[in-house]
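Before any comments, here is the structure.
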Amino acid sequence: MKIERVELLHIAIPLVKPFRTSFGSMGSKDAFLLHVVTDEAEGWSEFAGDPDPLYCSEFIAGAEIVIRDFLLPRVKALPEPRAAAAGAAMEPVKGNELAKAALETALLDAELRAHNMPLATYLGSATGQRVPAGVSVGIKNSIPELLDDVEEYLAEGYVRIKLKIEPGWDLEPLRAVRERFGDALPLQVDANTAYTLADAEHLRKLDEFGLLLIEEPLTENDLRAHAQLQRRITTPVCLDESIHSARDAATAIAMEACRIINVKPARVGGYLEARRIHDVAVANGVPVWCGGMLETGIGRAPNLALAALPGFTLPGDTSASSRYYAEDITEPFVLDKDGCLTVPSGPGIGIDPLPDTLARFTTATHRL
């Protein structure tokens, strides 16, 4: 397989409603797609980061430079740019997992399309499998607005609710949701590193709500503090931003810094490392679930293939396209009557952008 052309397409798609977390608010999805054309097939991927380095240190403008000037030259120097070899070729470049994931995924998509193999088959899951879908609910301006949104998502069929929280928006919203929808509702919270260990006694009050987990409550990469917090609360701590590799996952599990892991393929450098994290977690009896980054269909399709692996025992943030977009750049992913999405069965990631729709949402195209 030889790379003939690599294109980077900047896209901007309005969200159906603003999405607010402890680190900011988004009104649109601003990202880029990577389009790799080889002599055998074409591949697509989506950069999962944002314009600003708030969720993590990576951001759109920086990732474009890293891919163009550092990652792509190393991959093109390989005898064959296979995805399995790309990781080792890119390893000398420190960090930049989201950029590495975008390039590796596009290469993997092209490679699998050339062999007519679905990504699910390659990873070891099954095409056509139905994956239970949860939904992430952002911080709202009022509790009535929050309750209306949760009611809407439950009516659409989502099987699990995740609430974004921050200091000042945690106990009362949770209490209101529990009182309105009952204790049987699968419910979890995501703090996006908004608290410190000094808040441990406050966070212990979350135990009364019977949560599935609290996600990344403390500073990113502070495994010691998360381990201390886990000893002081009964709600399972789930790590997200702190897990960048299978090695991190193994360390966090050994330190008892978490009881659950959120696997975001982009955050860990791609689907090959995401599969390794899954395997480490399964070997240690730790459940995993697939997080989301407000992906378009290009990013959502491969996430479903990953979420179909047997260790993903908790519903992920693999929501339907309509959760975020009135119009997606691919054929939309739609919840079935049981609140599930179906793993694509086509070769590679199993889906393509719709040319006319993609053109309308593309703001710039760069040939790398």
Side-chain angles (χ1 to χ4, degrees), residues 1-9 31-49 56-58 60 62-125 243-249 263-280 293 295 298-299 301-303 305-306 309 347-352 366-368:
M1 188 170 78
K2 302 295 183 183
I3 295 176
E4 296 182 343
R5 187 171 78 253
V6 178
E7 296 173 331
L8 189 148
L9 294 81
F32 65 75
L33 304 181
L34 209 58
H35 181 211
V36 172
V37 180
T38 77
D39 58 344
E40 297 181 3
E42 300 182 14
W44 289 91
S45 70
E46 177 176 338
F47 177 72
C56 68
S57 60
E58 292 183 72
I60 290 173
E64 179 173 352
I65 294 171
V66 168
I67 292 173
R68 184 193 67 208
D69 294 347
F70 300 103
L71 301 182
L72 188 56
R74 284 170 167 79
V75 170
K76 288 188 68 177
L78 292 169
E80 278 198 273
R82 303 292 180 183
M90 295 186 291
E91 189 173 4
V93 178
K94 304 300 183 184
N96 291 283
E97 286 88 1
L98 273 68
K100 291 175 180 178
L103 182 52
E104 181 188 88
T105 302
L107 291 170
L108 183 57
D109 186 30
E111 184 177 344
L112 293 177
R113 287 175 190 259
H115 291 86
N116 198 34
M117 178 184 290
L119 176 61
T121 303
Y122 180 82
L123 293 176
S125 55
I243 304 298
H244 305 277
S245 66
R247 183 182 297 109
D248 289 346
V263 183
K264 288 179 179 171
R267 192 195 65 239
V268 303
Y271 290 87
L272 303 186
E273 189 68 14
R275 172 62 202 246
R276 295 182 192 106
I277 293 172
H278 165 274
D279 294 347
V280 167
M293 300 282 281
E295 290 92 350
I298 293 296
N303 281 357
L306 179 74
L309 288 169
I349 65 172
I351 201 163
D352 293 290
H366 303 295
R367 183 164 176 169
L368 304 186

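- F47 meets the ring pair (Phe, Tyr, Trp, His ring centres under 6.0 Å) test with F32; sequence neighbours excluded.
- Judged as a salt bridge (Lys or Arg N to Asp or Glu O under 4.0 Å), and not counting sequence neighbours, R247 has no contacts.
- Between L123 atom CG and Y271 atom OH the span is 9.0 Å, to the nearest 0.5 Å.
- Rounding to the nearest 0.5 angstrom, the gap separating the CG atom in L108 from the CD1 atom in I349 is 10.0 Å.
- The list of salt bridge (Lys or Arg N to Asp or Glu O under 4.0 Å) pairs with a residue in residues 63-77, not counting sequence neighbours, is empty.
- Side-chain atoms of L34 and L368, non-hydrogen and from C-beta on, do get closer than 4.5 Å to each other.
- The shortest side-chain heavy-atom distance between L33 and E46 falls under the 4.5 Å cut-off.
- Proximity of S45 to L103: side-chain heavy atoms (C-beta onward) are nowhere separated by under 4.5 Å.
- One N or O on the side chain of R267 and one on the backbone of I243 form a donor-acceptor pair closer than 3.5 Å.
- With a 4.5 Å cut-off on side-chain heavy atoms, S125 and L309 count as touching.
- Every pair passing salt bridge (Lys or Arg N to Asp or Glu O under 4.0 Å) that includes a residue from residues 269-280 is listed here, sequence neighbours excluded: E273-R276, R275-D279.
- Legend: residues meeting side chain to side chain donor-acceptor pair (under 3.5 Å) with E91, ordered by chain and number and at least two apart, are absent.
- Scanning all heavy atoms of the two residues, the minimum distance from V280 to A246 falls at CG2-CB, 4.1 Å.
- In this structure E97 satisfies the side chain to side chain donor-acceptor pair (under 3.5 Å) test with no other residue, sequence neighbours excluded.
- Judged as a salt bridge (Lys or Arg N to Asp or Glu O under 4.0 Å), the pairs with a partner in residues 101-119 (not counting sequence neighbours) are, in order, D109-R113, R113-D352.
- Partners of K100 by salt bridge (Lys or Arg N to Asp or Glu O under 4.0 Å), not counting sequence neighbours: none found.
- In this structure, L107 and I3 have side chains that are in contact, with non-hydrogen atoms separated by less than 4.5 Å.
- Residues satisfying the side chain to side chain contact (heavy atoms under 4.5 Å, CB included) criterion with T38, sequence neighbours excluded, are M1, V36, E40, A110.
- Side-chain contact between I67 and V6: absent, with no pair of heavy atoms (C-beta onward) separated by less than 4.5 Å.
- Judged as a salt bridge (Lys or Arg N to Asp or Glu O under 4.0 Å), and not counting sequence neighbours, E4 has no contacts.
- With sequence neighbours excluded, the residues satisfying ring pair (Phe, Tyr, Trp, His ring centres under 6.0 Å) with H366 are H10.
- Annotation: side chain to side chain contact (heavy atoms under 4.5 Å, CB included) contacts of A301 (sequence neighbours excluded): F333, P344, I351.
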